[in-house]
Amino acid sequence: MEDKGEVLYELSPKFDFIYELTMPTGRKMKSALAIVIVSIILNIILALGKGYILDGNNVKMLNVFNIVKIVCIILLIFTSLVFILRVVMQVLEYKGIKYKFYKNCLIFENNFLSQTKKTIEYSNIREVEIRRTVIDRILNYGVIIIYTNAEKAFGSATVLYSIKNTQEHYNNIESIIHNGSVLSSPIKTGDFNQDFKEETNLKNAMNRTETYTESNAVSDKNPLNKE
């Protein structure tokens, strides 16, 4: 296997519950959540309407009501577990997805359940596009699309979903593909703002060190200046 060299840049989709409910990638979550809501409504109706449903001491009606109530409770528990499972699966899937940018190529890896791996040479990339809806901009998310020269429409684009701090990642990806370098410090999977703050603090510390002039050093050595 050819050595691709050092990883210049790496990122993964970042899970956000609210954002996923607005994305096509969260359709399974939305379907499960809708069934949970219906189950909750049914249980509320049964709880509040018990007095209206039951007429006197009708034993037969009471038995039917109890059976329906038990079925609705079981349905609520089952659908809630399915919804939680959907969320956990989505989180784990995102953790298994990696986009690794090397000097000359991009490698996409998905190690969740079955394994998928694809290599895209930068020479085959036509353009890089960023798409952000109003909700994307509010939540600071977006989609990055990398178009290639592949003849088949199915393989002509690689879509990076659920990318937080999309603009910063887009700028760095563009720089790597066209210039072979990263604009800012390499961002591993994580929050860009935290990395940016650490980089800024480091630069401020270096600037404070540089302002420690030779006259300050002489003043510190003078015993008359000390208490």
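For the single chain, residues carry numbers from 1 onward in sequence order.
Considering CD1 of Ile146 and OH of Tyr170, their distance stands at 10.5 Å, rounded to 0.5 Å. From Ile18, atom CD1 reaches atom CG of Leu139 across 8.0 Å, with rounding to the nearest 0.5 Å. Rounding to the nearest 0.5 Å places NZ of Lys164 at 5.0 Å from CG of Asn140. Interatomic distance, Gln90 CD to Met29 CE, rounded to the nearest 0.5 Å: 6.5 Å. To the nearest 0.5 Å, atom SG of residue Cys105 and atom CD of residue Glu121 are 5.0 Å apart. Once rounded to the nearest 0.5 Å, the distance linking CD1 of Ile144 with OG1 of Thr158 reads 12.0 Å.
Judged as a ring-ring contact (aromatic ring centres under 6.0 Å, His included), not a single pair has a partner in residues 20-41 (not counting sequence neighbours). Every pair passing ring-ring contact (aromatic ring centres under 6.0 Å, His included) that includes a residue from residues 110-144 is listed here, sequence neighbours excluded: Tyr19-Tyr141.
Between Asn110 and Glu93, the closest side-chain pair of non-hydrogen atoms falls below 4.5 Å. Here the side chains of Ile130 and His169 are not in contact, with every heavy-atom distance at 4.5 Å or above. Side-chain atoms of Val143 and Met23, non-hydrogen and from C-beta on, do get closer than 4.5 Å to each other.
Both Val91 and Leu33 sit in one connected hydrophobic cluster of ILVMFWY residues. Membership requires side-chain heavy atoms under 4.5 Å apart, directly or through other members. Residues Ile41 and Phe83 fall within the same hydrophobic cluster, defined by Ile, Leu, Val, Met, Phe, Trp and Tyr side chains chained together at heavy-atom separations under 4.5 Å. In the hydrophobic clustering of ILVMFWY residues, with side-chain heavy atoms under 4.5 Å counting as a link, Leu85 and Leu21 come out apart. Hydrophobic clustering of Ile, Leu, Val, Met, Phe, Trp and Tyr side chains at less than 4.5 Å, counting indirect connections, keeps Ile35 apart from Ile74. Taken together through direct or relayed side-chain contacts under 4.5 Å among Ile, Leu, Val, Met, Phe, Trp and Tyr, Ile37 and Ile45 form part of one hydrophobic cluster.
Heavy atoms from other residues, nucleotides or ligands lying under 6.0 Å from CD1 of Ile40 number more than 12. Other residues, nucleotides and ligands contribute only 12 or fewer heavy atoms inside 6.0 Å of the CZ atom of Phe78. Within 6.0 Å of NZ in Lys95 there are 12 or fewer heavy atoms belonging to other residues, nucleotides or ligands.
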* **Audit row: Thr25, Tyr94, side chain to side chain contact (heavy atoms under 4.5 Å, CB included) steps and yes/no** => CA-CA 11 Å; Thr25 53; Tyr94 279 3; 3.4 Å; yes

* Kindly determine whether Ile176 and Tyr102 satisfy side chain to side chain contact (heavy atoms under 4.5 Å, CB included), including the steps that lead there. => CA-CA 8 Å; Ile176 291 173; Tyr102 295 83; over 6 Å; no

* Intermediate values then yes/no, side chain to side chain contact (heavy atoms under 4.5 Å, CB included), Lys98 and Asn111 -> CA-CA 9 Å; Lys98 304 289 182 185; Asn111 295 315; 5.5 Å; no

* Asked: Ser80 and Leu76: side chain to side chain contact (heavy atoms under 4.5 Å, CB included), yes or no, with the steps?
  -> CA-CA 6 Å; Ser80 298; Leu76 176 58; 3.8 Å; yes

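For the pairing with Phe101, the side-chain contact (heavy atoms from CB on, under 4.5 Å) check across Ile120, Leu11, Val7 returns one residue only, Leu11. Of the residues Leu46, Leu42, Asn43, the one that meets the side-chain contact (heavy atoms from CB on, under 4.5 Å) test with Ile73 is Asn43.
For Ser162 (side chain) and Lys14 (main-chain N/O), no donor-acceptor pair under 3.5 Å exists by modelled atom type. A donor-acceptor pair is defined here as one N or O able to donate and one able to accept, closer than 3.5 Å; no such pair exists between the side chain of Arg137 and the backbone of Val134.
Across every non-hydrogen atom of Ser39 and Leu75, the tightest pair is OG-CG, 3.4 Å. Nearest heavy-atom pair, Thr148 versus Arg126, reported as atom, atom and distance to 0.1 Å: O-NE, 2.8 Å. Residues Ala157 and Ile145 approach most closely at CB-CG2, 4.0 Å, considering heavy atoms. In this structure, Ala32 and Val82 approach most closely via the heavy-atom pair CB-CG1, 4.3 Å.
Side-chain contact of Asn172 with Ser175: a donor-acceptor pair under 3.5 Å is absent, judged by distance alone.
Every residue two or more places apart in sequence or in another chain that forms a salt bridge (charged side-chain N to carboxylate O under 4.0 Å, His left out) with Glu109 is listed here: Lys100, Lys117.
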